[in-house]
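In what follows, chains are A, B, ... by sequence order, proteins preceding strands, each numbered from 1.
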Amino acid sequence: MSDYDPQAIEKKWQRRWADERAFEVTEDPGRPKYYCLVMFAYPSGHAHVGHVRNYMIGDVIARMKRMRGFNVLHPFGWDAFGLPAENAAIKNRSHPETWTLDNIAHMKGQLQRLGISYAWERELATCEAAYYRWNQWLFLRMFERGLAYRRRSTVNWCPDCATVLANEQVVDGGCWRCGYAVEPRDLDQWFLRITEYADGLLDGIGRLDDWPAKVLTMQRNWIGRSAGARVRFAVEPAGPAAPAGGDAGADIEVFTTRIDTIFGATFVLLAPEHPLVSRFVDEARDPAGLQKRVQAFRALDRTDRLTGAVEKEGIDTGRRCINPFTGRPVPIWIANFVLAEYGTGAVMAVPAHDQRDFEFARKYGLPVDVVIQPEGAGGGAPLDGATMDAAYAGPGVLVGSGEFTGRSTADAPAEMAQAAEDRGFGRAAVQFRLKDWGISRQRYWGTPIPIIHCGACGLQPVPDEDLPVELPRVAEFSGRGDSPLAQIPEFVDTTCPSCGRPARRETDTMDTFVDSSWYFYRYCDPANDERAFDPAAVRYWGPVDFYIGGVEHAILHLIYSRFFCRVFKDLGMVDHDEPFTRLLTQGMVLRDGAVMSKSKGNVVDPDEMISTFGADALRLYETFVAPPEKEIEWTDSGLEGSFRFLTRVWRLVTRAAPALGGAPRDVIEGGALDPPHRGLRRKTHDTVRRVSGDLDPRAHLNTAVSALMELVNELYAFCDGHGVKLGQPPAAGAGAEALPPATAAVLREAVEALVLMLSPFTPHLCEELWERLGHAGGLRAAGWPEFDPAVAKADEIVVPVQVNGKLRARLTVPADVGEEELRTAALAESAVQAHTAGRRIARVVVVRGKLVNVVAR
RNA sequence: GCGAAAGUGGCGGAAUUGGCAGACGCGCCGGAUUUAGGAUCCGGUGGCCGAAAGGCCGUGGGGGUUCGAGUCCCCCCUUUCGCACCA
């Protein structure tokens, strides 16, 4: 039986924190700041214990930092725009806003019952005009700078979601959200010029020391920088038989990372979508036949083409172009594996030194000219294009390469790119895999793009003073048609801000990743209605010191935010280079080996857990069960174990408390204590040392908790031996009112440290216990416990003694024992003598304070 | 296919610098208390041999460096993640 009643305690303290505005903060130049952030939530309806884990990690860090004297900003908000709200509205014949606000209200209640120390007064939701107007404002600044632009392009269209997706949102050829196969479509789209910052984003990765290496690698791959050269091949005129004659003015520009192999470029390959292809078709002897074959390439499944699932095939255009280095004509083919969207959509093919080109050449009987020979290839015969069975892509020496023959593959590229530039047909160039970010969405529930289309003046920005362009209230969602806003005349019809004539509003809305790319700045100054945020506020709070969220955002949100950070910096609104100093990607919570989801029916509802075991037990369990980065498998028995531990803590503190009052500290500070008392003090101080380091900087929440459990175990043993009865329900007036002063003082020190250090994990319980220990003002007034290294250090240690690396004895010796004494004591051990009998002692390794190893032969 | 990370009891995990492997928790076993159950407290719990003392083995597998390896090096296996025709 225990009288630990989490429901009552949690209610009491949650109310008190709210009444006292305990976690609200303002800028205070006199104190060091700490910005602790968890990724804001999509209001899907219900938080599950996976969300809870994310928020717990943040809360433990925030509460600990607060106790250590930091001015901690720990805000929360809602990523409230997006498709599910719209789909739900269509289904329920209601409005997305209704669904969204209801969900927010419910989830907020769930989070509040967990006692997370958020500065709720800074809460924001991206669907509020007060927020998204600054999306629009920023878009206009980017528009002015050419960073936001409109162009027709082939885009990723998800037929299921009926909208366009960014490249980052296409996973294995499918929609990142619904998995439906994505189709290409040609549409006029708005783009943000993230490629302008490609180099900066790449360079910045090198300075993100406190990010997981895995995320950095993913970002590096995504940006995909390739250094190489662009070279133009002049197209020969079509033959006299061709109807249109053709002209010699056309060039094919290729991008290559191996310009050093260009003397071996024996043909050129075009993507089926390359602009010259249609011209070659027109000028062909059999235009209809060629067209048909090209169409077959274009119709290939896009995913298969991108992932290499289709067999490499080509079409000979019958045309030729001049390799500018050799001066010789080479045939032009169209190949199904050449990508239109990368580089120039055309490549020079060097079959001797590129495996794909090699296979292609063998298949179609095209020449293979070796221009690189491996260096110092010992006994191996030189490569021969006629007989080789695979391309050689390694380093070596150039052969058959005119004036560059004899150069190494290390030196040649720079020289040859320079030569191309000098002769006017090429230049060194860098190519990125990263593409501009397409943000147009043909959906309703998002930020309207603040642009007006005028027949006379073209694209006109909405004047700043007319912001926000508010979403019109739509009565009913039918789900018909492409773009809901386009169907609302009151929204679409407007006048041109420049000439005043009738004009149309842009009806696309912004990708919701725009919303999430800067919300962490808005938290710094959430109520500002004159600007996105006051730069002074961000100068104080920014950058985010600790950011916690799922690894699934490694290349979406986390690259976009780094991009926006740079834009804001160029606008003079922030002065740091990177928005998130430290990143922790927390592991998912699984159940039955699978991610929790409504459709699988394996969701664990935090409210249910709270009502049985209390929020504190849930909080403790989720932080204790594994390191934060690892995924965990939910177990009910683990949660019960955490509850059991809290019950033990409750009993320990409430039953010991009456006996602890007024114990003078000096009894233990200078006084001579017997070994059990010294032992408990040592454990107390050592636990403070361990927990402090585990939490900050290591963020090893699980080992911090186990250290506290050890301390509790030790306290139970100590109480057992010193007349404090914890095991049994107290008889009337039981407890330990007559403890010796030293015992009371040592116990008090231990119990108080325990309550303080446990409080970031289980704040309600610890506030209550702290109060019952006679402290007013709450935990916030208390501060983080300090430890004395001299006390934390044992005065006696156990030193293992090995013989030939095997443990044979243990020595209990004073901690500061000398090397010579250790050696002598070890050799005197009977177990050591037994295992060295009849052998010569070759060496005795003594590591002071660690171990002795006797080497006997 | 390429790259990265990981592999430790029945389970989750610990071991901060190359120095007692298995902290802490779950589960299980035993004892106390109890009419009983539950709860609680105390103790035990890697495997094998042994009555015990003790011994041998043991961190995916194999080799190596070292007085000493979960930790460092090489090869292999498995799992997870990322990339996957990017010219």
Side-chain angles (χ1 to χ4, degrees), chain A residues 1-2 172 212-215 217-218 220-222 224-226 228 254-258 261 269 271 304-310 312 335-339 341-350 354-357 359-360 431-434 551 554-555 620-621 624-627 629-642 644-645 647-648 651 690 693-694 698 700 702-713 716-717 720 725-729 798-810 831 834 842-847 849-857:
Chain A
M1 252 310 283
S2 166
D172 290 335
K214 178 184 164 172
V215 173
T217 303
M218 286 168 73
R220 228 176 252 121
N221 290 342
W222 188 260
R225 183 182 198 272
S226 295
V254 302
F255 173 75
T256 178
T257 56
R258 292 297 306 272
T261 66
L269 296 173
D304 290 347
R305 255 185 82 188
L306 283 172
T307 56
V310 294
K312 292 179 183 54
N336 61 357
F337 65 89
V338 176
L339 306 174
E341 59 265 40
Y342 186 77
T344 61
V347 299
M348 65 179 209
V350 185
D354 181 284
Q355 187 60 25
R356 293 159 301 181
D357 299 345
E359 288 165 22
F360 195 89
Q431 182 65 41
F432 291 95
R433 213 185 79 119
L434 180 74
V551 74
I555 49 170
L620 186 73
Y621 167 65
F624 168 63
V625 66
E629 297 86 353
K630 268 201 79 152
E631 63 183 32
I632 58 173
E633 174 73 28
W634 178 269
T635 60
D636 288 343
S637 57
L639 176 59
E640 285 170 40
S642 294
R644 202 148 44 218
F645 170 71
T647 309
R648 264 164 83 75
R651 214 161 30 224
R690 283 171 65 190
D694 278 350
R698 280 193 291 278
H700 290 186
N702 56 326
T703 52
V705 174
S706 50
L708 292 169
M709 288 174 166
E710 281 185 46
L711 178 59
V712 170
N713 290 343
Y716 265 72
D720 200 35
K725 294 281 172 276
L726 303 170
Q728 301 304 319
V798 176
V799 176
V801 181
Q802 301 176 335
V803 175
N804 291 336
K806 284 187 181 163
L807 181 67
R808 297 300 178 189
R810 289 190 170 87
R843 190 177 161 189
V844 180
V845 180
V846 179
V847 184
K850 289 279 190 187
L851 99 171
V852 179
N853 189 10
V854 179
V855 185
R857 303 214 192 274

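What separates CZ of A:Arg644 from C1' of B:C41 is a distance of 13 Å, to the nearest Å. What separates NZ of A:Lys850 from P of B:A15 is a distance of 14 Å, to the nearest Å. Atoms CG (A:Leu851) and P (B:U17) sit 18 Å apart, rounded to a whole Å. Atom OH of A:Tyr716 and atom P of B:C41 are 5 Å apart (whole Å). In this structure, A:Asp694 places its CG atom 15 Å from P of B:C24, rounding to the nearest Å. When the C1' atom of B:U80 is taken as reference, atom CD of A:Glu633 falls 15 Å away, rounded to whole Å.
For A:Val845, the listed nucleotide lying nearest its side chain is B:G19; candidates were B:C42, B:G19, B:C24. Side-chain proximity of A:Ser226 to the nucleotides B:G68, B:C86, B:A87 is greatest for B:A87. Between B:G12, B:G27, B:A87, one nucleotide has an atom nearer to the side chain of A:Arg356 than all others, and that is B:A87. Distances were taken from every side-chain heavy atom of A:His700 (C-beta onward) to each of B:G19, B:A15, B:G13; the shortest belongs to B:A15. Nearest to the side-chain atoms of A:Arg651 among the listed nucleotides B:G19, B:A23, B:C41 stands B:C41. Between B:C41, B:A87, B:A14, one nucleotide has an atom nearer to the side chain of A:Pro627 than all others, and that is B:A14. Listed nucleotides B:A87, B:G25, B:C67 differ in distance to A:Asn713; the shortest reach to its side chain belongs to B:G25. Among the nucleotides B:A87, B:G19, B:C24, the one closest to the side chain of A:Tyr342 is B:A87. Checked against B:G12, B:C41, B:G82, the side chain of A:Met218 finds its nearest nucleotide in B:G82.
Phosphate proximity of B:G13 to A:Lys630: present, with a side-chain N or O under 4.0 Å from OP1 or OP2. Residue A:Asn853 places none of its side-chain N or O atoms closer than 4.0 Å to OP1 or OP2 of B:G19. At least one side-chain nitrogen or oxygen of A:Arg843 sits closer than 4.0 Å to the OP1 or OP2 atom of B:C67. For A:Lys214, no side-chain nitrogen or oxygen approaches OP1 or OP2 of B:A6 to under 4.0 Å.
Nucleotides B:U8 and B:A14 place their P atoms 11 Å apart, quoted to the nearest Å. A gap of 13 Å separates the P atoms of B:C56 and B:A21, to the nearest Å. The same atom, C1', is picked in B:G19 and in B:G70; the two are 13 Å apart, to the nearest Å. Taking atom P on both B:C73 and B:A5, the two are 11 Å apart, rounded to the nearest angstrom. Between B:G18 and B:G31, the two P atoms lie 46 Å apart (nearest whole Å). Spacing of C1' atoms, B:C24 relative to B:C75, comes out at 36 Å, to the nearest Å. Between B:A32 and B:G22, the distance separating the two P atoms is 30 Å to the nearest Å. Going from the P atom of B:C26 to that of B:C42 covers 13 Å, rounded to whole Å.
Residue contacts for A:Asp354: at a heavy-atom cut-off of 4.0 Å it reaches no nucleic acid atom on any strand shown. Residue-level contact check: A:Val855 touches the backbone only, with heavy atoms under 4.0 Å from sugar-phosphate atoms and none from bases. Counting non-hydrogen atoms under 4.0 angstrom, A:Val310 reaches a base of the nucleic acid. Residue A:Asn702 is classed as a sugar-phosphate contact, given heavy-atom separations below 4.0 Å to backbone atoms only. Looking at heavy-atom distances under 4.0 Å, A:Val338 makes contact with a base. Counting non-hydrogen atoms under 4.0 angstrom, A:Lys312 reaches a base of the nucleic acid. As judged by a 4.0 angstrom heavy-atom cut-off over every strand, A:Arg808 is placed among residues touching the sugar-phosphate backbone only. Across all strands shown, A:Thr217 has no heavy atoms under 4.0 Å from either base or sugar-phosphate atoms. Contacts of A:Gly641 with the nucleic acid, taken as non-hydrogen atoms under 4.0 Å apart, involve only primed sugar atoms and P, OP1 or OP2. As judged by a 4.0 angstrom heavy-atom cut-off over every strand, A:Val801 is placed among residues making no nucleic acid contact.
The residue among A:Arg433 and A:Gly343 whose nearest nucleotide of RNA chain B lies closer to the 5′ end is A:Arg433. Nearer to the 5' terminus of RNA chain B, by closest-nucleotide assignment, is the contact made by A:Ser637 (compared with the other of A:Ser637 and A:Ala717).
Counting heavy atoms from C-beta on, the side chains of A:Asn713 and A:Arg648 come closer than 4.5 Å. Annotation: side chain of A:Val625 is not in contact with side chain of A:Trp634 (no heavy-atom distance under 4.5 Å). The shortest distance between side-chain heavy atoms of A:Asp354 and A:Arg258 does not fall below 4.5 Å. Counting only heavy atoms from C-beta outward, the side chains of A:Asn804 and A:Val855 approach each other to under 4.5 Å. Side-chain contact between A:Asn221 and A:Ile555: absent, with no pair of heavy atoms (C-beta onward) separated by less than 4.5 Å. A:Phe360 has its side chain within reach of A:Phe337: a pair of non-hydrogen atoms, C-beta onward, lies under 4.5 Å apart. You'll find the side chain of A:Tyr342 stays beyond 4.5 Å of the side chain of A:Thr344, heavy atoms only.
Between the A:Tyr621 side chain and the A:Thr635 main chain, a donor and an acceptor come within less than 3.5 Å of each other.
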Subject >> Structure string for RNA chain B in dot-bracket form, Watson-Crick and G-U at under 3.5 Å, | interchain >> reply: (((((((..(((......[....)))((((((.......))))))((((....))))..(((((..]....))))))))))))....
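Smallest separation of non-hydrogen atoms from A:Thr256 and A:Met348: OG1-CE, 3.5 Å. For the pair A:Ala831 and A:Arg808, the tightest heavy-atom approach, listed with the atom from each and the gap, is CB-O, 3.3 Å.
Residue A:Arg258 places no side-chain atom within donor-acceptor reach of the base of B:A87, judged by atom type and a 3.5 Å distance cut-off alone. For A:Arg698 against B:U16, a side-chain-to-base donor-acceptor contact under 3.5 Å is present.
A:Asn853 and A:Arg843 share no side-chain donor-acceptor pair at under 3.5 Å.
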